[in-house]
Amino acid sequence: MPDTFDEAQLFKGPAAGELLTDFLVHFRNISLIMDCVTCDKCRLWGKIQIRGLGTALKILFGGGDVSNLVLERGEVVTLFNAFNQLSHSLHYVHQFKEDLDNINSSTSDEDAPEKQPPPPRGGLFGSVKHGEL
């Protein structure tokens, strides 16, 4: 069984403050790099994803009591959008693994299981596909 990620151990130790500061600086740089993307749709989509990840990290590493955590409306929206994208990614990873297993086992087309269609996009909050903006 693989070890699980223990976020409580991530920013601990003598260099924890410097490590956390470096981590935040690099994360902000990713957002600034997104400003250089020339396609408006791609830039917006990237900003939404980065803000969603940032919100998840804010919750994870915010420290203190989570019940006192205050999130802006935009943070909540982008967090749910990031969850939606992650769930789609996990679906496709599972599908790719099945496809690879089928190729490696050299099963015939008749024996291969029927592919499941991807989950419908939109979900509860009507997330936006890449080219729909």
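Computed from a predicted structure; not experimentally measured.
- The distance from atom CD1 of Ile48 to atom CG of Leu44, rounded to the nearest 0.5 Å, is 4.0 Å.
- If you chain together hydrophobic residues whose side chains sit under 4.5 Å apart, Met34 and Leu24 fall into the same group.
- Taking the charged nitrogens against the carboxylate oxygens, Glu72 and Lys58 have no contact shorter than 4.0 Å, which rules out a salt bridge.
- Connection of Ile33 to Phe23 is not established within any shared hydrophobic cluster, with ILVMFWY side chains joined at heavy-atom distances below 4.5 Å, either directly or through further cluster members.
- Hydrophobic clustering (ILVMFWY, side-chain heavy atoms < 4.5 Å, transitive): Leu19 and Leu53 are in one cluster.
- Judged as a salt bridge (charged side-chain N to carboxylate O under 4.0 Å, His left out), the pairs with a partner in residues 21-35 (not counting sequence neighbours) are, in order, Asp35-Lys47.
- Taking CG of Leu32 as the reference point, atom CD1 of Ile50 lies at 10.5 Å (rounded to 0.5 Å).
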Query raised in the report: Can Asn81 and Trp45 be said to form a side-chain contact (heavy atoms from CB on, under 4.5 Å), step by step?
Result: CA-CA 10 Å; Asn81 195 299; Trp45 190 246; 3.9 Å; yes

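- No donor-acceptor pair closer than 3.5 Å links the side chain of Arg51 to the backbone N or O of Thr78.
- Taking the side chain to side chain contact (heavy atoms under 4.5 Å, CB included) definition, one finds that Leu79 meets it with Thr55, Ala56, Ile59, Phe83, sequence neighbours left out.
- Interatomic distance, NE2 of His88 versus CD of Gln95, reported as 13.0 Å (0.5 Å rounding).
- For the atom pair CD of Glu98 and CD1 of Ile103, the computed distance is 12.0 Å after rounding to the nearest 0.5 Å.
- Cluster membership check: Leu71 shares its hydrophobic cluster with Phe80, using side-chain heavy-atom separations under 4.5 Å among Ile, Leu, Val, Met, Phe, Trp and Tyr.
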